[in-house]
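What follows is a single structure, written as structure tokens, with notes after it.
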Amino acid sequence: MFLGRGVNYPVALEGALKLKEISYIHAEGYPAGEMKHGPIALLDDRIPVVALCTTSGGLREGREQRRRGARPRREDHRDRQLRRRADRPHRADVIPVPEVAEVISPIVNVVPLQLLAYYIARERGCDVDQPRNLAKSVTVE
């Protein structure tokens, strides 16, 4: 499950899409503020959660996820409060990203998600250069 708030919601969708395309793992992207309206029912200790927490708004959802046994993976701006909470029980892995203006944060946030999908696919033995059922080029006659 990929979560993003504001300008990072489309980034969460992109992260889920890349994971589906190259590793064949079911993934969904959700707006972080909508977690309490359905998707949170899906969480347990087997569901990994990737939360884009480049603003302080992502901290609340992380607590809700951990209460349900999920283990979030997060991107952050080296936020000390986020790191302290990540070190508690049901801890989260943190992927640091550079601090930038929120409006351009999708640019720095999408790259780690694409790399995450890439390494997961390689670990699963998937061919990342030729994913099945995807055309890598546009053909024009």
Side-chain angles (χ1 to χ4, degrees), residues 1-140:
M1 184 173 297
F2 289 76
L3 302 175
R5 179 180 294 282
V7 297
N8 283 301
Y9 168 53
V11 177
L13 293 174
E14 171 69 9
L17 177 65
K18 288 300 175 220
L19 187 64
K20 285 187 257 193
E21 285 178 341
I22 66 172
S23 71
Y24 319 122
I25 296 173
H26 179 76
E28 295 292 332
Y30 288 101
E34 299 295 318
M35 277 301 295
K36 286 198 171 200
H37 302 290
I40 203 160
L42 300 172
L43 294 182
D44 62 20
D45 61 347
R46 298 171 299 163
I47 304 293
V49 177
V50 177
L52 288 97
C53 297
T54 54
T55 61
S56 61
L59 294 172
R60 287 188 307 277
E61 286 81 15
R63 286 193 297 256
E64 293 294 330
Q65 295 156 23
R66 285 191 301 274
R67 284 186 193 128
R68 285 154 179 82
R71 187 172 175 220
R73 279 124 179 103
R74 301 171 178 271
E75 293 185 358
D76 80 329
H77 293 312
R78 296 175 172 82
D79 184 312
R80 287 189 185 129
Q81 184 181 12
L82 180 62
R83 286 191 182 274
R84 274 197 313 275
R85 289 184 178 168
D87 291 335
R88 293 182 181 168
H90 302 291
R91 70 174 197 78
D93 298 321
V94 177
I95 302 170
V97 295
E99 186 170 353
V100 296
E102 184 175 0
V103 70
I104 62 169
S105 65
I107 296 168
V108 298
N109 291 337
V110 75
V111 174
L113 297 182
Q114 291 171 337
L115 288 170
L116 178 65
Y118 171 80
Y119 287 114
I120 289 172
R122 286 203 37 210
E123 189 68 27
R124 291 173 50 94
C126 300
D127 185 354
V128 296
D129 293 320
Q130 293 184 336
R132 65 180 181 223
N133 302 324
L134 289 178
K136 294 288 244 175
S137 64
V138 176
T139 58
V140 178

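Minimum interatomic distance between Leu3 and Ala12 (heavy atoms only, all atoms of both residues): C-CB, 3.7 Å. When all heavy atoms of Ala27 and Ala16 are compared, the closest pair comes out as CB-O, 3.7 Å. Scanning both residues, Ile22 and Ala121, for their nearest heavy atoms gives O-CB, 3.2 Å.
The environment of CZ in Arg122 is sparse: at most 12 heavy-atom neighbours from other residues, nucleotides or ligands sit within 6.0 Å.
Side-chain contact between Leu116 and Ile120: present, with at least one pair of heavy atoms (C-beta onward) separated by less than 4.5 Å. Side-chain contact between Asn109 and Ser105 is present, with at least one heavy-atom pair separated by less than 4.5 Å. Looking at Leu19 and Val50, their side chains never come closer than 4.5 Å, going by heavy atoms from C-beta outward.
Between the side chain of Arg124 and the main chain of Ser23, a donor-acceptor pair closer than 3.5 Å is present. Remark: side-chain polar atoms of Tyr24 are paired, donor with acceptor, to backbone N or O of Arg132 under 3.5 angstrom.
Evaluation of the salt bridge (charged side-chain N to carboxylate O under 4.0 Å, His left out) test over residues 17-26, restricted to residues two or more places apart or in two chains, returns Glu14-Lys18, Lys18-Glu21.
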Verdict with supporting geometry, Leu113 and Leu52, side chain to side chain contact (heavy atoms under 4.5 Å, CB included): CA-CA 10 Å; Leu113 297 182; Leu52 288 97; 4.1 Å; yes
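The CD1 atom of Ile40 sits 12.0 Å away from the OH atom of Tyr30 when rounded to the nearest 0.5 Å.
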